[in-house]
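Notes follow once the structure below has been shown.
Each chain gets a letter, A, B and so on, in the order the sequences are listed, and its residues count up from 1.
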2 protein chains.
Amino acid sequence: MAATSIRDVAQHAGVSVGTVSNVLNRPGEVSAESIARVNRAIEELGYVRNDAARKLRAGTSTTVGFVVLDGQNPFFNDVVRGAEDEASKHNIAILYGNTDQDVARERLYLDLFEEQQVRGVLISPYDDVHTRLERLRQRGIPAVLVDRFSGDGRFSSVSVDSVSGGRMAVEHLIETGRRRIAYVGGPFDIHQVTDRLAGARAAAENAGFPVDLEVVATTELTVAEGVAAGTRIIERPRAQRPDALFAANDLIALGLLQALVVEGRILVPEEIAIIGFDDISFAGAAAVPLSSMRQPSGMIGRTALRTLLEEANDPESIPRQTVFQPELVVRRSTDPKKTR
Amino acid sequence: MAATSIRDVAQHAGVSVGTVSNVLNRPGEVSAESIARVNRAIEELGYVRNDAARKLRAGTSTTVGFVVLDGQNPFFNDVVRGAEDEASKHNIAILYGNTDQDVARERLYLDLFEEQQVRGVLISPYDDVHTRLERLRQRGIPAVLVDRFSGDGRFSSVSVDSVSGGRMAVEHLIETGRRRIAYVGGPFDIHQVTDRLAGARAAAENAGFPVDLEVVATTELTVAEGVAAGTRIIERPRAQRPDALFAANDLIALGLLQALVVEGRILVPEEIAIIGFDDISFAGAAAVPLSSMRQPSGMIGRTALRTLLEEANDPESIPRQTVFQPELVVRRSTDPKKTR
DNA sequence: AACTTGATCTGAATCGATTCAGAGACATTT
DNA sequence: AAATGTCTCTGAATCGATTCAGATCAAGTT
């Protein structure tokens, strides 16, 4: 109700609306005297800019949409956090949407963001959203793929080389003497899951000697699914168990640990080694501190947001792929010599 | 550029803009014939409503702001998730802001949300934001406090009884035979931290026999700070160590566990028992499965959002306090009989 | 004195959806 | 036949910030 508009401010300060707007948006073109008067009026009236009107006329928004694949995963929270830090520097707010691998939710949020005419969209996609994003682009809304390489280069992306991460993880297992490895993860329509497996396969095939690599499929990348997969593994006769597990992410790995160590009384890493992916902050606090492939999560978020803003400011810009390399972090779950 | 407006749709469908708007907002007042024509035109032109214009004219927004105290804490992510689920049912998007116990960031987000003229604000406050929220309310933006009781009842709130949770936790420790208890947490300008301590004190004083309760202060509620506090404790001579730790939240508790079990080779719970607060999903997967005070996190988020929308739709509504009771979840870290 | 130039300010037009007073067509009632 | 009511539609006015062509004025130039 107390809708103080720019007109009220103008009147109170004894200047025109144009001048008030200039004070707000291009103070360089206004005399010091006017700036002072307008600012005093703003102060006295408690005026706050109406972003809807601003957006309508000027066309530019101060909001960025972020569609996240799995909001319960600390990894994505770290990414969001990085993006948020960068955004707040530019006085930009983040519209947040968690899809939980649901195509309908993914569409819902993209629709919502389009109505909101956000400045741009960050998305860790689940479904194939290329056509949808192409349409957003036509309306002047750029998009950057997060944690997902844009194979055809149509969009900018910021990701981690999951294939090479998968290879490094399994190479590490092989180097420490493991020969019967199980890859635990799923569903396989998530690209990170298939990429990490592809890397794992490459490592197993290039070992120079036979290395078993079986796949234990899960329906989700959650702790609970990790526990379930772990239980299935310990129910097998001892001889048929793998001697190492490579989990598609740390949530799965933590679930596996819990099943093996706490319930199955299996020695990790002596009997079965475990390595995860992401290096979330809970990895070090696990039943047995967890080896993992570290992703620079905060940096991914910051870079993605920066890339997005550059594209938003320069429509001519061409897509750019940023790929970080993951880093092997060895803890006790693969190396008995480590105390932690 | 391809700015298809309601006017284009009207022309394409051979009706007036008013009719198009009615099809969109009150289809009951329009003939079936017109609805069909307009919908076809919308389809053919790929029209998407401009939310800025809608907001400007109609005054109502489809966005809700959520200011979160600690975005890295899985507990808050679960709360956000609950709110999001409820929001997406109403076609509402969430503007997300993480303050990390920073007064400046808290202000920044409230300013941003005010400019955006959000439908309402959910906030787990750090600073005393009552005056700020009061002002938002005057502008027609209601607020609901999340995970924080509104002592003076000026605002609606959805919270968990931290005092009673603290009491239950320490009562449990006393019942299982502990007499030298340390409360680990901080900083003490976070209300949850002081409330849980107050409950712990009450339990210690009402025991009917002497129970030691010391305070080990941390600067943050993080795993790292938990590790640091744990390290300080195990450096003490054995006789001066407490026999139980009550952590202000699970992140601290996980850090303590890591320091005691993994580094200090201390038996948990035999030598020192540990209980946390929140029951985040990682609590069960810890070095020793962690006892904790469970908060109904998803329910908190859903309830908060529902309360907020009710207030937004009925300006006459009076503030309402919803308080959930936490629930004791006993796992191995306080009970040696449990296998998990 | 006449003319430029530059700095500053003004205020109407504009963005696109919503709203609402009023018009038109038709059926029903008096 | 006139009056009343119902249903449906129309289109100008409106929300508030931005933009921009033009006005004003003091200072500098010829």
(message) Applying side-chain hydrogen bond (donor to acceptor under 3.5 Å, both in side chains), can you list everything that pairs with A:Thr60, at least two apart in sequence or on another chain?
(response) none
(message) For A:Gln116, is there any backbone N or O sitting under 3.5 Å from a side-chain donor or acceptor partner on B:Lys55?
(response) no
(message) Enumerate the salt bridge (charged side-chain N to carboxylate O under 4.0 Å, His left out) contacts for residues 84-95 of chain A, please, sequence neighbours excluded, ordered by first and then second residue.
(response) A:Arg81-A:Asp85, A:Glu84-B:Arg105, A:Asp85-B:Arg105, A:Glu86-A:Lys89, A:Glu86-A:Arg306
(message) Under the ring-ring contact (aromatic ring centres under 6.0 Å, His included) definition, can you give me all pairs with a residue in residues 82-105 of chain A, not counting sequence neighbours?
(response) A:Tyr96-B:Tyr96
Let me check something: any side-chain donor-acceptor pairs from residues 119-127 of chain A under 3.5 Å, sequence neighbours excluded? List them with distances.
| from | atom 1 | to | atom 2 | distance (Å) |
| --- | --- | --- | --- | --- |
| A:Arg119 | NH1 | A:Ser61 | O | 3.2 |
| A:Arg119 | NH2 | A:Asn313 | OD1 | 3.0 |
| A:Ser124 | OG | A:Val67 | O | 3.4 |
| A:Ser124 | OG | A:Leu69 | N | 2.9 |
| A:Tyr126 | OH | A:Asp189 | OD2 | 2.7 |

(request) Using chain A heavy atoms and a threshold of under 4.0 Å, write down where along DNA chain C the contacts begin and end, 5' to 3'. (result) C:dT8 to C:dG16
(request) Please give the angle, rounded to 10 degrees, between the axes at the start and the end of the helix from C:dA1-D:dT30 to C:dT30-D:dA1, where five pairs define each axis. (result) 60°
(request) List for me each residue that meets salt bridge (charged side-chain N to carboxylate O under 4.0 Å, His left out) alongside B:Glu134, sequence neighbours excluded, and say none if there are none. (result) B:Arg137, B:Arg154
Show me, pair by pair, the donor-acceptor contacts under 3.5 angstrom made by side chains of residues 6-16 of chain A, not counting sequence neighbours?
| from | atom 1 | to | atom 2 | distance (Å) |
| --- | --- | --- | --- | --- |
| A:Asp8 | OD2 | A:Ser5 | N | 2.8 |
| A:His12 | NE2 | A:Glu44 | OE1 | 2.7 |
| A:Ser16 | OG | A:Gly18 | N | 3.4 |
| A:Ser16 | OG | A:Thr19 | N | 3.3 |
| A:Ser16 | OG | A:Thr19 | OG1 | 3.3 |

(request) Using heavy atoms and a sub-4.0 Å distance, could you list which residues of residues 12-37 of chain A are near DNA chain C? By number, please. (result) A:Val15, A:Ser16, A:Val17, A:Gly18, A:Thr19, A:Val30, A:Ser31, A:Ser34
(request) Mind listing the residues from residues 41-65 of chain B sitting with a heavy atom below 4.0 Å of DNA chain D? Number order is fine. (result) B:Leu56, B:Arg57
(message) So, using salt bridge (charged side-chain N to carboxylate O under 4.0 Å, His left out) as the criterion, who are the partners of B:Glu114 when residues are at least two apart?
(response) B:Arg132, B:Arg135, B:Arg139
(message) Ignoring hydrogens and geometry beyond distance, is a side-chain donor-acceptor pair present between B:Thr63 and B:Gln117 at under 3.5 Å?
(response) no
(request) Give a yes or no answer on whether the side chain of A:Ser34 reaches the backbone of A:Val30 with a donor-acceptor pair at less than 3.5 Å. (result) no
(request) For residues 53-82 of chain B, pull every pair meeting ring-ring contact (aromatic ring centres under 6.0 Å, His included), keeping only residues two or more places apart or in separate chains. (result) none
(message) So B:Gln295 and B:Asp147, do their side chains get closer than 4.5 Å, heavy atoms only?
(response) yes
